[in-house]
Amino acid sequence: MPAARSVAPYDALLLVSFGGPEHADDVLPFLENVTRGRGIPPERLAEVGEHYYAFGGRSPINDQCRAFRSAVHDDLSAHGVDLPVYWGSRNWDPYLADTLAVMAGDGVERVAAFVTSAYSSYSGCRQYREDLFDAAQGLLARRPRIDKLRHYFNHPGFVTANTDATLAALETLSEGERAGARLVFVTHSIPVAMADGSGPGGGAYVSQHRSTAGLVADGVRAATGRSLGWDLVYCSRSGSPRTPWLEPDVNDHLEVLHASGTRAVVVVPVGFVSDHMEVVYDLDTEAAATADRLGLTMRRAASAGLHPAFVATPRDLLVERAAAERGERVWRPAAGSLGPSWDVCAAACCPNSREPRPALCQA
């Protein structure tokens, strides 16, 4: 076993997830949790619910979180780090409030939180921190201190996992298709105003995604000797049609590529860390149907999931942050030109456009 690396002052790691239903009866209550306060009409919830019912009412996200938690725990142990790994979700069981109560009962005092969202935005960062604040406020016992680990969109582990998955998908194409294939990087669409306000200086959501996509494309070129064209597109738009959201939609973009003569695409879900509903429905079902209708060969790359380089990423970030909290000099691995993300979010970072709410892990 490798020599243990100190993670003091932390005595626990918390995986923070979005959550998802596990049974058909869970679907509408889950969607009500997700959309509470946003004025989404019941008929829209019922429409989205059909996506889940098509898979038996069970989102794959919780099973993937269980597997990831186990893999991260094994990785920590294999590197001499004896630390409990907890898991809590924003929108379904195990709820963050319940998990924090368990942690407090276990005597945990200082927590490093790894959020299963790699990029800056209100929905991908601040909303998690708001829900962590609410969950901590509900504790009657002493509350653990929680520090959120930095964004990892350009951490080598996340980039490597996506690059390897893209290469594997390319290998399933014929030689002729590979030569002219286009890489289509996909992430969750968000309102344009939210994207414009993301990060401490604005615009971080798009710039971070473009950085990751470019790094993966560079990795593909280094491995194959081919420089493939690529695009960043979006999926899973919701909300009022009067509100501008990031575009183009992946299905619309496949139409454009087909019309321009593209014969094959590899769709890379770079905005998601695992194959949850936005991947298995929006990409594997809807986008695949669009490509099939067009006669466009489509392959979908796997998400980072349980790739060993990604499983090791929480450990890297934990060791890094622990050293910083101890006042030591820290090496912060980050690929590309944007550099490593910040440890502590600015107070005005990724603002809540509906109402000001307190959040943890900020200046």
Side-chain angles (χ1 to χ4, degrees), residues 1-20 59-90 92-96 98-100 102-103 106 108-119 124-125 128 132 135 144-162 164-165 269-270 272-276 279 302-325 332-334 340-341 343 361:
M1 177 184 295
R5 302 189 67 181
S6 176
V7 294
Y10 296 109
D11 53 1
L13 178 67
L14 171 64
L15 301 181
V16 184
S17 173
F18 187 82
S59 168
I61 191 171
N62 285 354
D63 288 336
Q64 291 166 6
C65 283
R66 292 183 184 99
F68 187 65
R69 174 190 177 187
S70 177
V72 168
H73 181 270
D74 290 347
D75 175 80
L76 290 172
S77 297
H79 289 81
V81 180
D82 183 18
L83 202 71
V85 181
Y86 295 84
W87 163 43
S89 298
R90 285 184 43 223
W92 204 248
D93 185 56
Y95 289 103
L96 282 171
D98 296 334
T99 299
L100 291 188
V102 170
M103 296 170 78
D106 290 345
V108 171
E109 296 183 349
R110 189 80 181 266
V111 183
F114 180 89
V115 175
T116 55
S117 173
Y119 304 88
C125 181
Y128 283 92
L132 281 168
R145 172 175 166 175
I146 302 173
D147 294 333
K148 177 184 174 293
L149 299 176
R150 67 176 171 93
H151 298 295
Y152 48 87
F153 65 93
N154 59 356
H155 186 281
F158 186 63
V159 174
T160 295
N162 281 283
D164 286 353
V270 73
F272 308 94
V273 303
S274 64
D275 292 359
H276 48 263
V279 176
S303 55
L306 297 180
H307 189 290
F310 183 54
V311 168
T313 299
R315 171 173 48 84
D316 284 351
L317 297 179
L318 171 66
V319 169
E320 169 195 303
R321 182 63 180 275
E325 293 298 312
R332 300 175 181 273
S341 188
D343 279 341
C361 316

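Only a predicted model underlies this, so the values are computations on that prediction, with no experimental measurement involved.
- Taking every heavy atom of both residues into account, Ile146 and Ala113 meet most closely at CG2-CB, 3.9 Å.
- Applying the salt bridge (Lys or Arg N to Asp or Glu O under 4.0 Å) test to Asp63 and every residue at least two apart in sequence or in another chain returns Arg58, Arg66.
- Remark: the backbone N or O of Ser89 is not paired with any side-chain donor or acceptor of Tyr128 at under 3.5 angstrom.
- Taking both residues in full, the closest heavy atoms of Phe158 and Val273 are given as CE1-CG1, 4.1 Å, listed atom of the first, atom of the second, then distance.
- Residues Pro84 and Met103 form no side-chain contact, since every pair of their non-hydrogen atoms from C-beta on lies 4.5 Å or further apart.
- Of all heavy-atom pairs spanning Ala165 and Ala302, the tightest one is CB-O, 3.2 Å.
- How far CZ of Arg90 is from CZ of Phe18: 5.5 Å, rounded to the nearest 0.5 Å.
- Among all heavy-atom pairs drawn from Gly305 and Phe310, the shortest one is O-CD2, 3.3 Å.
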Exercise. List the steps and the verdict of side chain to side chain contact (heavy atoms under 4.5 Å, CB included) for Val270 and Tyr119.
Key: CA-CA 10 Å; Val270 73; Tyr119 304 88; 3.6 Å; yes
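- Here the NE2 atom belonging to His151 is positioned 11.5 Å from the CG atom belonging to Leu317, to the nearest 0.5 angstrom.
- Counting heavy atoms from C-beta on, the side chains of Tyr86 and Val108 come closer than 4.5 Å.
- When every heavy atom of Pro60 is checked against every heavy atom of His276, the shortest pair comes out as CG-CA, 3.7 Å.
- For the pair Glu109 (side chain) and Asp11 (backbone), a donor-acceptor distance under 3.5 Å is absent.
- One distance of note links NE2 of His155 with CZ of Arg332; it measures 11.0 Å at 0.5 Å rounding.
- Closest of all the heavy-atom pairs between Pro94 and Thr99 is CB-OG1, 3.9 Å.
- Taking NZ of Lys148 as the reference point, atom CG of Asp343 lies at 9.5 Å (rounded to 0.5 Å).
- Atom CZ of Phe68 sits about 6.0 Å away from atom CG of Leu15, to the nearest 0.5 Å.
- Shown here are the salt bridge (Lys or Arg N to Asp or Glu O under 4.0 Å) partners of Asp316, two or more places apart in sequence or in another chain: there are none.
- Between the OG1 atom in Thr116 and the CH2 atom in Trp87 there is a gap of 10.0 Å [rounded to 0.5 Å].
- Taking the side chain as every heavy atom from C-beta outward, Tyr10 and Asp147 approach each other to under 4.5 Å.
- For residues 67-78, the salt bridge (Lys or Arg N to Asp or Glu O under 4.0 Å) pairs, not counting sequence neighbours, are Asp75-Arg315.
- The residue from Val85, Val81, Leu83 that alone fulfils the side-chain contact (heavy atoms from CB on, under 4.5 Å) condition with His73 is Val85.
- When side chains are defined from C-beta on, Val7 does not count as touching Leu76, because their heavy atoms never get closer than 4.5 Å.
- Residues Leu100 and Leu14 are in side-chain contact: their nearest non-hydrogen atoms beyond the backbone lie under 4.5 Å apart.
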